[in-house]
Amino acid sequence: MKFSELNIPGCFIINPFHQKDRRGDFIKTFHEEKYKTHGLQSSFKEEFISISHKNVLRGMHFQIPPAAQDKLIYCIKGCILDGFIDLRKGSPTFKNNLTVTLSELNRDVLFLPKGIAHGFLTKSHEAIVVYKTSKIHCPQYDAGILWQNCGINWPIKNPIISDRDQEFPVLNTFSSPFKYRLK
């Protein structure tokens, strides 16, 4: 496994172990000791699978404290453009965003720490996305940032999006409860 920290501190792309032979593919997305070696969360409490059609945009989601979550995200079918924003006050990249492509072909795994808003756009006909969280989902702590006004240059004007995701506040009016902590 190869771990590469991205331009937002604490966010990593992980190239998992991959073996291919005449039978097919074998991929290891998680190894507790290797994650710990890189200072990453190694205890996940819940796992979700999202199945989305082309042009579906989900986001920008996060849980506020005390239910804030680290996330581990990967795409097992299709392709997504994954976008995320640093909401941690005091971070050198506060309010900065990044996008990465996650797909069944590149097999990359994305690790996001607490205080990062996350969303994705389905680029393929259908995409199946798996994500693990370090805390159990608590609806009363569920929050988000409006996808259109978060600084991410989504390559679509009219995505398929939920009513809930359309009602989130814009980034500049959101008062972040997250604090940046050095490792």
Side-chain angles (χ1 to χ4, degrees), residues 1-16 27-32 34-50 52 56-76 79-103 106-123 127-138 141-147 150-154 165 168 171 174 176-183:
M1 299 180 102
K2 180 183 171 198
F3 291 75
S4 301
E5 190 166 19
L6 299 170
N7 289 335
I8 294 179
C11 298
F12 283 80
I13 280 288
I14 301 145
N15 304 112
I27 302 163
K28 182 186 339 184
T29 59
F30 181 77
H31 185 282
E32 182 178 29
K34 291 184 189 272
Y35 275 63
K36 281 183 181 179
T37 298
H38 289 86
L40 304 182
Q41 174 65 247
S42 60
S43 176
F44 293 98
K45 306 296 184 198
E46 201 164 26
E47 180 177 85
F48 301 89
I49 295 175
S50 168
S52 302
V56 165
L57 194 144
R58 296 182 185 263
M60 301 296 294
H61 305 147
F62 53 92
Q63 295 256 270
I64 58 173
Q69 306 165 317
D70 296 321
K71 292 182 181 178
L72 191 66
I73 305 138
Y74 50 97
C75 183
I76 61 173
C79 180
I80 63 170
L81 179 65
D82 199 288
F84 46 101
I85 306 162
D86 189 348
L87 299 177
R88 301 167 297 175
K89 289 180 180 174
S91 167
T93 56
F94 180 57
K95 293 189 178 181
N96 287 7
N97 68 73
L98 285 177
T99 58
V100 297
T101 298
L102 301 178
S103 74
N106 70 19
R107 300 175 185 89
D108 286 343
V109 177
L110 177 64
F111 178 89
L112 299 176
K114 295 169 184 72
I116 304 292
H118 169 258
F120 67 85
L121 173 67
T122 304
K123 295 171 64 178
I128 300 176
V129 176
V130 177
Y131 58 101
K132 300 175 187 306
T133 58
S134 62
K135 290 203 176 180
I136 302 293
H137 178 259
C138 295
Y141 296 108
D142 212 20
I145 297 294
L146 185 64
W147 69 277
C150 66
I152 294 175
N153 186 18
W154 297 107
D165 288 357
F168 288 138
L171 179 60
F174 176 71
S176 180
F178 300 104
K179 304 277 190 275
Y180 178 70
R181 288 174 177 65
L182 293 173
K183 290 182 185 179

- Query: What distance do Leu102 atom CG and Ile76 atom CD1 have between them, rounded to the nearest 0.5 Å?
  - Reply: 12.5 Å

- Task: Decide if the gap between the ring center of Phe111 and the ring center of Phe3 is smaller than 6.0 angstrom.
- Result: no

- Query: Would you call Lys123 and Ile80 a side-chain contact if the rule is heavy atoms closer than 4.5 Å?
  - Reply: no

- Please lay out, stage by stage, how Thr101 and Cys79 fare under the test side-chain contact (heavy atoms from CB on, under 4.5 Å). CA-CA 7 Å; Thr101 298; Cys79 180; 3.5 Å; yes

- Query: Hey, do the aromatic rings of Phe62 and Phe174 have their centres closer than 6.0 Å?
  - Reply: yes

- Query: Is there side-chain contact between His61 and Asp165, with at least one heavy-atom pair below 4.5 Å?
  - Reply: yes

- Item | Contact check, side chains of Lys132 and Lys71, non-hydrogen atoms, under 4.5 Å | no

- Query: Are Trp147 and Phe168 side-chain neighbours, meaning at least one heavy-atom pair lies under 4.5 Å?
  - Reply: no

- Item | Pair Tyr180 + Phe94: ring centers closer than 6.0 Å | no

- Message: Using side-chain heavy atoms (C-beta onward) and a distance below 4.5 Å, is Phe12 in contact with Leu112?
- Response: no

- Task: Please identify each residue that fulfils side chain to side chain contact (heavy atoms under 4.5 Å, CB included) with Lys135, with sequence neighbours left out.
- Result: Gln69

- Drop me the distance from Leu121's CG to Leu81's CG, to the nearest 0.5 angstrom. 6.0 Å

- Query: If every non-hydrogen atom of Thr122 is compared with every non-hydrogen atom of Ala127, which pair is closest and at what distance?
  - Reply: CG2-CB, 3.6 Å

- Item | Least distance between heavy atoms, Arg58 atom then Ser52 atom | NE-OG, 2.7 Å

- For residues Cys150 and Asn97, report the shortest heavy-atom separation together with the two atoms involved. O-ND2, 3.9 Å

- Query: To the nearest 0.5 Å, what is the distance between CG (Leu6) and CG (Leu98)?
  - Reply: 6.0 Å

- Message: Other residues, nucleotides and ligands only: do more than 12 of their heavy atoms fall within 6.0 Å of CG on Asn7?
- Response: no

- Message: Could you check, using the six-membered ring where one of them is a Trp, whether His118 and Phe84 have ring centers closer than 6.0 angstrom?
- Response: no

- Item | Chi angles and distances behind the side-chain contact (heavy atoms from CB on, under 4.5 Å) call for Gln63, Cys138 | CA-CA 8 Å; Gln63 295 256 270; Cys138 295; 4.0 Å; yes

- Any donor-acceptor N or O pair under 3.5 Å, side chains Asn15, Asp108: yes

- Message: On a heavy-atom basis, which atom in Met1 and which in Lys28 lie closest, and how many Å separate them?
- Response: CE-O, 3.4 Å

- Message: Looking at every heavy atom in both Ser134 and Lys114, which two are closest together, and how far apart are they?
- Response: OG-NZ, 4.1 Å

- Are Ser50 and Ile128 side-chain neighbours, meaning at least one heavy-atom pair lies under 4.5 Å? no

- If every non-hydrogen atom of Pro177 is compared with every non-hydrogen atom of Pro65, which pair is closest and at what distance? CG-CD, 3.7 Å

- Message: Working to the nearest 0.5 angstrom, can you tell me the gap between Asn96 CG and Ile85 CD1?
- Response: 10.0 Å

- Task: Answer with yes or no whether the side chains of Ser176 and Arg88 bring together a donor and an acceptor at under 3.5 Å.
- Result: no

- Message: Before you tell me yes or no, could you show the steps for Phe44 and Thr133 under side-chain contact (heavy atoms from CB on, under 4.5 Å), namely the whole-Å CA-CA distance, both residues' side-chain angles and the distance that decides it to 0.1 Å?
- Response: CA-CA 5 Å; Phe44 293 98; Thr133 58; 5.7 Å; no

- Measure the spacing between CD1 of Ile116 and CD1 of Ile8 and express it to the nearest 0.5 Å. 5.5 Å

- Item | Contacts of Lys89 that satisfy salt bridge (Lys or Arg N to Asp or Glu O under 4.0 Å) - sequence neighbours left out | none

- Query: Taking it one step at a time, do Val109 and Ile73 satisfy side-chain contact (heavy atoms from CB on, under 4.5 Å)?
  - Reply: CA-CA 6 Å; Val109 177; Ile73 305 138; over 6 Å; no

- Query: Atom CD1 of Ile136 and atom NZ of Lys45: how far apart are they, to the nearest 0.5 Å?
  - Reply: 8.0 Å

- Check whether any side-chain heavy atom of Lys2 lies under 4.5 Å from a side-chain heavy atom of Ile14, and answer yes or no. no

- Which residues pass the side chain to side chain contact (heavy atoms under 4.5 Å, CB included) test with Lys95, sequence neighbours left out? Leu171, Asn172

- Task: Answer yes or no: is there a side-chain heavy-atom contact under 4.5 Å between Ser91 and Phe178?
- Result: no

